[in-house]
Amino acid sequence: MPADRSRQFPNLTVLGHPLIQHKLTLLRDRSTSTRDFKQLVNEIAMLMAYEVTKDLATEPVDIETPLERMTGQQVAGKKLTLVPILRAGLGMVEGIAQLIPSARVGHIGMYRDHDSLQPVDYYFKIPGGEEERDFIILDPMLATGGSAVAAVTALRRAGARRIRFLCIVSAPEGVKRLLDAHSDVPVYTAALDRQLNEKGYILPGLGDAGDRLFGTR
Ligand code: PRP
Ligand code: URA
């Protein structure tokens, strides 16, 4: 990726950590097995989550070490909520949950119509207390941006205020569409790829994330 492609998007963070980039290259490789693909998606999501959560609010908490009392810090507020966009977003949940075991999980069911490329939604369930929660929407792919915009819009309609979007591979068209619609949503990606092809697939991309994760091709 040219170093400055991401500069046109102020609310986009490309996570260039060497471990993330190494695993992403393995993920893109067409010869990577379904089993390895699943593991790599989880590992990349876990590494990315560290950065995505770096500005979570903390609050003081009094504890006792074996030696004396002290005031430590803990993440403040209601439990962080992961919201995978089905299906492929599910592949990112376990990795992040290993890092944040107390995280709640909501689900947004959505697929992209093959011909129109428009998102079709079929399920929505998130925990209550939406206004006070931090939400992280998970989807490995941000292509045209239709699914991402619809997911953020649905969460907003339900009352969510603090939303981040985490994907692994994105296209400039999709990032633009998402940030044009929701300019205040921080978007994190491991790669901002070159472009979409005529069928809405990201180039060079990694193919169909859902099919590669679940072995459905
Ligand atoms: C893929 C991907 C995103 C969407 C991205 O899902 O996981 O949700 O496409 O495309 P967009 O940015 O153009 O909306 P897909 O529709 O293939 O559903 P699946 O996860 O059930 O396979
Ligand atoms: N969905 C995918 O799974 N891959 C793409 O490249 C685009 C949309």
Side-chain angles (χ1 to χ4, degrees), residues 1 5-6 9 11-12 14 23-30 32-34 36-38 40-42 44-45 48 82-96 105-126 135-156 163-183 185-217:
M1 181 190 79
R5 190 181 290 152
S6 64
F9 303 116
N11 224 6
L12 174 74
V14 179
K23 289 175 191 292
L24 174 59
T25 300
L26 295 172
L27 192 70
R28 290 185 192 272
D29 191 327
R30 67 182 305 157
T32 295
S33 68
T34 299
D36 289 347
F37 191 92
K38 200 178 295 177
L40 285 163
V41 167
N42 269 314
I44 292 169
M48 293 182 80
L82 308 175
V83 186
I85 300 180
L86 309 181
R87 295 175 295 169
L90 286 174
M92 300 169 75
V93 173
E94 259 323 297
I96 303 178
V105 183
H107 294 89
I108 295 181
M110 205 170 270
Y111 69 88
R112 194 172 74 150
D113 181 85
H114 276 290
D115 297 319
S116 69
L117 300 185
Q118 295 306 306
V120 180
D121 58 294
Y122 57 88
Y123 190 75
F124 184 88
K125 184 83 177 175
I126 58 171
F135 289 91
I136 306 178
I137 300 178
L138 308 175
D139 195 327
M141 310 307 281
L142 174 57
T144 67
S147 307
V149 170
V152 174
T153 302
L155 266 187
R156 281 253 153 88
I163 303 171
R164 297 163 171 81
F165 189 91
L166 172 55
C167 61
I168 296 179
V169 178
S170 56
E173 296 91 327
V175 175
K176 179 173 184 332
R177 184 160 166 195
L178 176 54
L179 291 175
D180 280 352
H182 300 288
S183 58
V185 170
V187 179
Y188 298 86
T189 188
L192 180 60
D193 275 8
R194 194 176 69 247
Q195 67 186 98
L196 298 176
N197 71 9
E198 69 287 352
K199 291 184 175 158
Y201 278 87
I202 300 174
L203 298 174
L206 50 73
D208 188 305
D211 281 345
R212 294 194 66 187
L213 255 176
F214 296 107
T216 45
R217 181 143 289 247

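Nothing here was measured: the structure is a model prediction, and the numbers come from that model. Order of listing sets the numbers, starting from 1, for every ligand and every atom in it.
Here the closest heavy-atom approach between residue Ala191 and residue Leu24 is recorded as CB-CD2, 3.6 Å. Between Pro84 and Val105, the closest heavy-atom pair is CD-CG1, 3.8 Å. Minimum heavy-atom separation, Thr32 to Arg212: O-NH2, 3.5 Å.
For the side chain to side chain contact (heavy atoms under 4.5 Å, CB included) test with Asp139, the passing option among Leu166, Ile85, Ile108 is Ile85; the others fail.
Looking from atom 6 (O) of ligand 2 to the surrounding protein, the closest heavy atom is Ile202 N, 2.8 Å. When hydrogens are left out, the protein atom nearest atom 3 (O) of ligand 2 is Ala209 N, 2.8 Å; that is the closest non-hydrogen contact. The protein atom (non-hydrogen) at minimum distance from atom 8 (C) of ligand 2 is Arg112 NH2, 3.5 Å. For atom 13 (O) of ligand 1, the closest non-hydrogen atom of the protein is Thr144 OG1, 2.5 Å. The nearest protein atom to atom 5 (C) of ligand 2, hydrogens excluded, is given as Tyr201 CD2, 3.4 Å; this is a heavy-atom distance. Here the protein heavy atom with the shortest distance to atom 14 (O) of ligand 1 is Ser147 OG, 2.6 Å. For atom 19 (P) of ligand 1, the nearest non-hydrogen atom of the protein is Arg87 NE, 3.6 Å. The single protein non-hydrogen atom nearest to atom 17 (O) of ligand 1 is Asp208 OD2, 4.1 Å, given as residue, atom name and distance.
Inclusion of Ala143 in the set of residues having an N or O under 3.5 Å from an N or O of ligand 1 is warranted. For ligand 2, the polar-atom distance check finds no N/O of Gly210 at less than 3.5 Å from any of the ligand's N/O atoms. Note: no N/O pair closer than 3.5 Å links Asp211 and ligand 1 by distance alone. In terms of polar-atom proximity, Arg112 is counted as a contact of ligand 1, with an N or O under 3.5 Å from an N or O of the ligand. Inclusion of Gly207 in the set of residues having an N or O under 3.5 Å from an N or O of ligand 2 is warranted. Considering backbone and side-chain atoms together, Gly145 places an N or O closer than 3.5 Å to an N or O of ligand 1.
A donor-acceptor contact under 3.5 angstrom links the side chains of Asp208 and Tyr201, judged on distance only.
Neither the backbone nor the side chain of Ala209 comes within 4.0 Å of ligand 1, counting heavy atoms alone. With a 4.0 Å cut-off on non-hydrogen atoms, Asp139 touches ligand 1 through its side chain and not its backbone.
Using a 4.5 Å heavy-atom cutoff, the side chains of Arg112 and Pro119 are not in contact. By the 4.5 Å heavy-atom criterion applied to side chains, His107 and Val83 are not counted as neighbours. With a 4.5 Å cut-off on side-chain heavy atoms, Val93 and Leu138 count as touching.
Taking 4.0 Å as the cut-off between side-chain N and carboxylate O, Arg28 and Asp193 count as a salt-bridged pair. Ion pairing of Asp211 with Arg87 is present here, as a side-chain N (NZ or NE/NH1/NH2) and a carboxylate O approach within less than 4.0 Å.
Atoms of ligand 1 lying under 4.0 Å from any heavy atom of Met141, numbered from 1 in the order shown and given with element: 2 (C), 3 (C), 5 (C). Counting the atoms of ligand 2 from 1 in the order shown, those under 4.0 Å from a heavy atom of Ala143 are 7 (C), 8 (C).
The presence of a protein heavy atom under 4.0 Å from atom 4 (C) of ligand 1 is confirmed.
At least one heavy atom of Gly200 sits less than 4.0 Å from an atom of ligand 2.
Interatomic distance, Tyr188 OH to Phe165 CZ, rounded to the nearest 0.5 Å: 13.0 Å. In this structure, Thr144 OG1 and Leu117 CG are separated by 6.0 Å, a value rounded to the nearest 0.5 Å.
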